[in-house]
Amino acid sequence: MTLASAPPAGPPPAAAPTAAPAPRPTPPLGVAAGETGGRPAARERLVSLDVFRGLTIAGMLLVNNPGTWSAIYPPLEHAEWHGWTPTDLIFPFFLFIVGITTHLSLAARRARGDDDATLVRQVLRRGAIIFLLGLFLSWFPGFTWGAVAGVPEPSFLDRVVDRLYQVRLLGVLQRIALAYVFGALLTLRLRPRAQLATVAALLVGYWILMMAVPVPGTGATGLAAIAEPSATTAAYVDRLLLDWGRWGNHIWASSATWDPEGVLSTIPAIGTVILGVFAGRWLARPVPLAERLNGLFAVGALAMVVGLVWNWGFPINKSLWTSSYVVFTAGMGAVALATCMWLIEVRGSRWWTHPWIAFGVNPILAFVGSGLLARLIYSVIRVEMDGRRVPLQGAIFETVYAPWLAPRDASLAFALSFVLLWYLVLRVLHRRGIFLKV
């Protein structure tokens, strides 16, 4: 993990008018800009991909940091169980982008002369760093800040030990790490047809496992097997592997019986990354941009339809990361990315892109940094207010936002302020050429 710094590029010097050059073939976007049969030019960075990734990161910050969880506009909430909202598109969109950039990155490194062993080491190193960052975010600040069960007056050491017992082993970054590693390794040497077969095996196998295999303890199958969050095969495996009894429960604290980023549901998430790899391969083809965009739009629309049809038999569900959800959200991601590319690369509309680029080129820093800040102000740091100790975030919300806005508007205003704060931080880093690389 490194912080890379580069001096900001200044404006190009003025040049005297010259005759218009002859048109050249369109190079493969995201692989090599200006490659012409001789030595390859420097790898091009897709502005539209940075913008799309930035929109997903900003969306994560927006939906994860409301002023109050009791007053949220419905589109900014996750679906209660089956179904989807715009919020449920954010995480799979990010994994879809991970798949695209995985293909572009590995293709560029291969073109540079790296062998498979070097690529495998790079993938494993990146995956390990992202996974450890996720564990650090779960563990932070390293002690329990509230009451400690069974200890009326806990010492600081009691709080440190208790925190270790409650650390969530899986989470958003951990899922990104696992899906990235397995997605990259499964596609590193497989041909496209074998990759497609792998995706089909993952998604169909998960469908069979979740609905045809009786749920341990209840024997439920079919739709009854996924009717209750804590009574699914995925929840059973989470408790089996993540609830260690006297050594602590390492499942998501909000449920303690199942984890939305749990063990089994990570399997289809790998499929999301592999579908992104397919999109990356398509974008890297040396064909006109219009043809690539048409392909993204067409295949994305078809995938959305397939996902909606599959939903009748295996409901779209983010918490279970169902196979229908994988196909549907990958289709939505392809269409959304194609729209960004059409606006930015074809229409040349870039006036609105700058805030999202700042998020898109520093996604890990934005997510980890905002997560640490949120943990501090929502939970750890408490202040006196009207004779009671409340989290710093609650005090700010009740003092600055709640008195003059309706509850939902106040909650949204706080979330927007949180996103704006991080935009300002990331803009400064972007202007100074500082990026967190893993």
So with a 6.0 Å cut-off around [atom1] of [X], is the heavy-atom count from everything else above 12?
| X | atom1 | answer |
| --- | --- | --- |
| R375 | CZ | yes |
| R191 | CZ | no |
| W352 | CH2 | yes |
| F140 | CZ | yes |
| F131 | CZ | yes |
| Q122 | CD | yes |

Please report the interatomic distance [atom1]([X]) to [atom2]([Y]), rounded to the nearest 0.5 Å.
| X | Y | atom1 | atom2 | result |
| --- | --- | --- | --- | --- |
| S417 | L412 | OG | CG | 9.0 Å |
| L264 | L240 | CG | CG | 10.0 Å |
| I176 | L133 | CD1 | CG | 10.5 Å |
| L104 | L49 | CG | CG | 7.0 Å |
| F96 | T272 | CZ | OG1 | 9.5 Å |
| Q195 | R281 | CD | CZ | 4.5 Å |

Test log, rule ring-ring contact (aromatic ring centres under 6.0 Å, His included), inputs W422 and F359: CA-CA 8 Å; W422 276 97; F359 282 100; 8.6 Å; no
[X] side chain to [Y] backbone, donor-acceptor under 3.5 Å:
| X | Y | result |
| --- | --- | --- |
| S370 | F367 | yes |
| S48 | I344 | no |
| S324 | W310 | no |
| N311 | I316 | yes |
| W252 | P260 | no |
| R126 | V438 | yes |
| N362 | I434 | yes |
| R168 | L170 | yes |
| S411 | P407 | no |
| T322 | N317 | yes |

Which pair of non-hydrogen atoms, one from [X] and one from [Y], has the smallest distance, and what is that distance?
| X | Y | result |
| --- | --- | --- |
| N249 | A256 | ND2-O, 3.0 Å |
| I251 | D238 | CD1-O, 3.8 Å |
| F297 | V335 | CE2-O, 3.8 Å |
| W81 | A227 | NE1-O, 3.5 Å |
| I72 | E77 | CG2-CG, 3.6 Å |
| A79 | D88 | N-OD2, 3.0 Å |

Compare all side-chain heavy atoms of [X] with those of [Y] and state whether any distance is below 4.5 angstrom.
| X | Y | answer |
| --- | --- | --- |
| L337 | L283 | yes |
| R109 | L119 | yes |
| F93 | I90 | no |
| V215 | I226 | no |
| H250 | Q166 | no |

Test side chain to side chain contact (heavy atoms under 4.5 Å, CB included) applied to V428 and R432, step by step: CA-CA 6 Å; V428 170; R432 296 185 178 182; 3.9 Å; yes
Sole candidate of V368, I97, I57 that passes side-chain contact (heavy atoms from CB on, under 4.5 Å) when paired with P363: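 Answer after filtering V368, I97, I57: I57.
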Aromatic ring proximity, centroids under 6.0 angstrom, W351 and W356: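 That pair fails the under 6.0 Å test.
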From Y206, F91, F314, W207, residue fulfilling ring pair (Phe, Tyr, Trp, His ring centres under 6.0 Å) relative to W321: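 That would be F91; it is the only one of Y206, F91, F314, W207 passing the ring pair (Phe, Tyr, Trp, His ring centres under 6.0 Å) with W321.
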Polar side chain donor-acceptor pair, D409 to Y73, under 3.5 angstrom: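 There is such a pair (donor and acceptor under 3.5 Å, judged by atom type) between the side chains of D409 and Y73.
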Donor-acceptor pair between R121 and T118 side chains, under 3.5 angstrom: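 Distance-only check passes for R121 and T118.
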Verdict with supporting geometry, L421 and L373, side chain to side chain contact (heavy atoms under 4.5 Å, CB included): CA-CA 11 Å; L421 170 66; L373 177 61; 3.9 Å; yes
N-O pairing of E345 and R350 below 4.0 Å: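 R350 and E345: salt-bridged.
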Qualifying side-chain hydrogen bond (donor to acceptor under 3.5 Å, both in side chains) pairs with a residue from residues 174-190, counting only residues at least two apart or across chains: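 Those involving residues 174-190 are D116-R189, R175-S265, R175-T266.
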